[in-house]
Amino acid sequence: MVFDAHSDIWTDVTIRFLKGERDIFRKYHFERLQKGSIEGSIFAIWIDSPYAETRPYERFLEMAEAIQNEISITQKFVIVKNEKEIQKARQNHQFYVIIGAEGLSSIGKNLDLIEQYYDLGARHAMLTWNEQNALATGVKGEVTRGLTELGKQAVQKIMKKKMLLDVSHLNEKSFWDITDLMEYPLIASHSNAKALCNVPRNLSDEQLFAIRDLNGVIGINAFHGFIHNVAAEQTIDNLIKHVVYIADKIGVEHVGCGFDFIEFLPSTEPEYATKGLEDYTKVPDFVKKLKQVGFSEKEVENICYRNFHRVIQQVLG
């Protein structure tokens with residue numbers, strides 16, 4: 001079984017909900033997740049364009065309504081807030097979801113609004129997506145700008161509430177500002193190795209070491225552009241090389257899965273798919289290849305779910 005540390009399924013739920021559809025997870029996602037042996041995931045609230053630029057808080061409220069409606073009618077997943085609830089869901093053969101926040105642009109400068117995410121059930125947060133906001137700087141922001149003073153306060157608030165703190169999408173200055181503040185393991189839910197694919201969203205060796213030293217986990221990202229700089233080489237085999245590289249560099253106990261599949265989003269073009277790992281149904285092929293390159297059964301289990309469960313237990317309880 002596999003735990004996926006990053007999914008944008010809430011975006012699809014919101015788009016369809018606002019068009020009048022209901023029971024969206026069961027209709028469009030559950031079967032594919034089952035075929036891929038995905039047992040649970042972090043579903044992130046991502047304020048998509050153009051709403052991120054025009055009305056991020058209002059979009060959050062729309063997403064919150066869509067999520068609450070989906071929770072109220074579904075029989076295909078349960079929301080979990082700690083490791084004990086995850087294990088209960090697993091025992092009952094239920095798909096489990098941790099609600100996350102892929103950026104906090106929607107709160108503006110009002111840190112009290114983090115409570116709205118928490119009250120909705122969120123136990124995971126990133127400070128930014130790619131943008132530069134009142135808290136921190138994403139990979140498309142100014143290189144020399146990191147966390148603001150308000151952003152440092154946000155980190156302290158997130159840690160006090162014992163939420164998972166996620167550094168995927170941050171620029172390097174913000175990354176290092178956060179690591180200086182961390183009191184427990186952090187995660188990079190969906191990032192790869194910059195040494196193998198030199199793009200801003202991937203992690204340098206120094207960043208890998210920092211995550212290791214905090215006993216964190218990096219979720220391997222299946223998005224094609226983070227696998228190889230040459231389009232023809234954006235394949236499942238080259239993604240496996242990122243797993244091997246990171247495991248060799250900092251230890252297999254710091255590697256997990258954060259696939260970031262987006263084939264269901266309306267703006268996605270077919271060429272965005274990684275060859276051999278186009279969607280959730282192909283995840284068993286990813287697991288097979290882990291074994292083929294020499295990972296033991298125990299190491300494969302660690303990559304597939306145990307490593308993230310360790311951090312979830314340590315942070316969320």
Side-chain angles (χ1 to χ4, degrees), residues 1-9 28-43 77 86 89-90 93-97 168 187-193 195-197 202-203 208 217-264 268 270-312:
M1 302 302 288
V2 178
F3 173 76
D4 178 23
H6 185 78
S7 172
D8 290 311
I9 282 176
Y28 298 101
H29 298 285
F30 183 61
E31 184 177 348
R32 286 192 298 177
L33 288 160
Q34 281 193 309
K35 287 181 179 178
S37 295
I38 310 299
E39 67 171 24
S41 181
I42 296 175
F43 285 3
F77 69 80
I86 288 175
R90 297 181 83 217
H93 306 289
Q94 294 173 297
F95 189 91
Y96 57 90
V97 174
S168 283
I187 66 171
S189 63
H190 57 305
S191 296
N192 294 337
L196 301 186
C197 182
N202 285 343
L203 300 166
L208 297 180
V217 181
I218 296 129
I220 295 296
N221 192 331
F223 181 72
H224 70 113
F226 306 151
I227 295 172
H228 201 284
N229 294 112
V230 177
E233 298 296 329
Q234 292 165 351
T235 65
I236 186 173
D237 289 320
N238 281 326
L239 180 60
I240 293 293
K241 292 179 181 178
H242 284 267
V243 182
V244 173
Y245 181 88
I246 296 172
D248 286 347
K249 186 67 65 172
I250 63 171
V252 71
E253 64 270 26
H254 302 290
V255 186
C257 301
F259 294 115
D260 196 17
F261 291 123
I262 59 170
E263 80 287 346
F264 51 81
T268 303
E271 60 267 25
Y272 278 27
T274 293
K275 299 175 184 66
L277 191 58
E278 291 83 3
D279 58 39
Y280 280 119
T281 66
K282 300 297 182 68
V283 170
D285 294 333
F286 173 83
V287 176
K288 287 178 185 176
K289 287 183 178 291
L290 291 177
K291 297 174 182 177
Q292 289 171 2
V293 297
F295 289 106
S296 68
E297 289 287 342
K298 182 179 179 180
E299 288 172 333
V300 171
E301 282 191 0
N302 288 343
I303 293 168
C304 286
Y305 68 92
R306 290 190 186 278
N307 291 337
F308 268 116
H309 280 202
R310 180 191 77 240
V311 173
I312 289 166

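This structure is a prediction, so every number in the text was calculated from the model and none was measured. Note that these values count all heavy atoms, side chains included, but never hydrogens, waters or copies made by symmetry. If you read the sequence from its start, that first residue is 1, and numbering goes on from there.
- The nearest pair of heavy atoms linking A5 to S189 is O-CB, 3.6 Å.
- Taking the side-chain contact (heavy atoms from CB on, under 4.5 Å) definition, one finds that K289 meets it with I236, D237, I240, Q292, sequence neighbours left out.
- Checked against salt bridge (Lys or Arg N to Asp or Glu O under 4.0 Å), K241 has no partners two or more places apart in sequence or in another chain.
- Between the side chain of S41 and the backbone N or O of D4, at least one donor-acceptor pair lies under 3.5 Å.
- Proximity of I218 to I187: side-chain heavy atoms (C-beta onward) are nowhere separated by under 4.5 Å.
- Among residues two or more places apart in sequence or in another chain, the salt bridge (Lys or Arg N to Asp or Glu O under 4.0 Å) test is passed with E233 by none.
- Partners of E39 according to the side-chain contact (heavy atoms from CB on, under 4.5 Å) rule, which considers only residues two or more places apart in sequence or in another chain, are M1, R90, Y96, Y305, H309.
- Looking at heavy atoms from C-beta onward, V217 lies in side-chain contact with R310 at the 4.5 angstrom threshold.
- Under the side-chain contact (heavy atoms from CB on, under 4.5 Å) criterion, Q34 pairs with F30, not counting sequence neighbours.
- Partners of K288 by salt bridge (Lys or Arg N to Asp or Glu O under 4.0 Å), not counting sequence neighbours: none found.
- Two residues are said to be in side-chain contact when any heavy atoms from C-beta on lie closer than 4.5 Å; V252 and V243 fail this criterion.
- Evaluation of the ring pair (Phe, Tyr, Trp, His ring centres under 6.0 Å) test over residues 235-257, restricted to residues two or more places apart or in two chains, returns none.
- Proximity of I246 to I220: side-chain heavy atoms (C-beta onward) are separated by under 4.5 Å at one or more points.
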- prompt: Are F43 and D8 close enough, and set up right, to give a side chain to side chain contact (heavy atoms under 4.5 Å, CB included), and what steps lead you there?
  reply: CA-CA 6 Å; F43 285 3; D8 290 311; over 6 Å; no

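- Distance check, rounded to the nearest 0.5 Å: CG of N307 to CG of N302 gives 4.5 Å.
- A heavy-atom distance below 4.5 Å is not found between the side chains of L277 and D285.
- Judged purely by atom type and a 3.5 angstrom limit, N202 has no side-chain atom pairing as donor or acceptor with the backbone of S191.
- Atom NE2 of H6 is separated from atom NE2 of H190 by 3.5 Å, given to the nearest 0.5 angstrom.
- Sorted by first and then second residue, the salt bridge (Lys or Arg N to Asp or Glu O under 4.0 Å) pairs with a member in residues 292-309 read K291-E297, E301-R306; sequence neighbours excluded.
- When all heavy atoms are compared, the tightest approach of K275 to A232 is NZ-CA, 4.2 Å.
- Closest non-hydrogen pair, C197 versus G225, comes out as SG-O, 3.5 Å.
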- request: Decide yes or no on side chain to side chain contact (heavy atoms under 4.5 Å, CB included) for Y280 and S37, but give the supporting numbers first.
  value: CA-CA 8 Å; Y280 280 119; S37 295; over 6 Å; no

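- Ring-centre distance between F223 and F259: not below the 6.0 Å cut-off.
- Minimum heavy-atom separation, G256 to F308: CA-CE1, 3.7 Å.
- Residues passing the side-chain contact (heavy atoms from CB on, under 4.5 Å) test with C304, sequence neighbours excluded: V2, V287, V300.
- Using a 4.5 Å heavy-atom cutoff, the side chains of I38 and F3 are not in contact.
- Scanning both residues, G251 and V255, for their nearest heavy atoms gives O-CG2, 3.9 Å.
- Smallest separation of non-hydrogen atoms from A222 and I227: O-CD1, 3.7 Å.
- E263 has its side chain within reach of R32: a pair of non-hydrogen atoms, C-beta onward, lies under 4.5 Å apart.
- Pairs engaging residues 242-261 under the salt bridge (Lys or Arg N to Asp or Glu O under 4.0 Å) rule: D205-K249 [sequence neighbours left out].
- Residues passing the ring pair (Phe, Tyr, Trp, His ring centres under 6.0 Å) test with H29, sequence neighbours excluded: F264.
- By the side chain to side chain donor-acceptor pair (under 3.5 Å) test, N192 is found to be paired with no residue, residues two or more places apart in sequence or in another chain being considered.
- Residues I9 and L33 are in side-chain contact: their nearest non-hydrogen atoms beyond the backbone lie under 4.5 Å apart.
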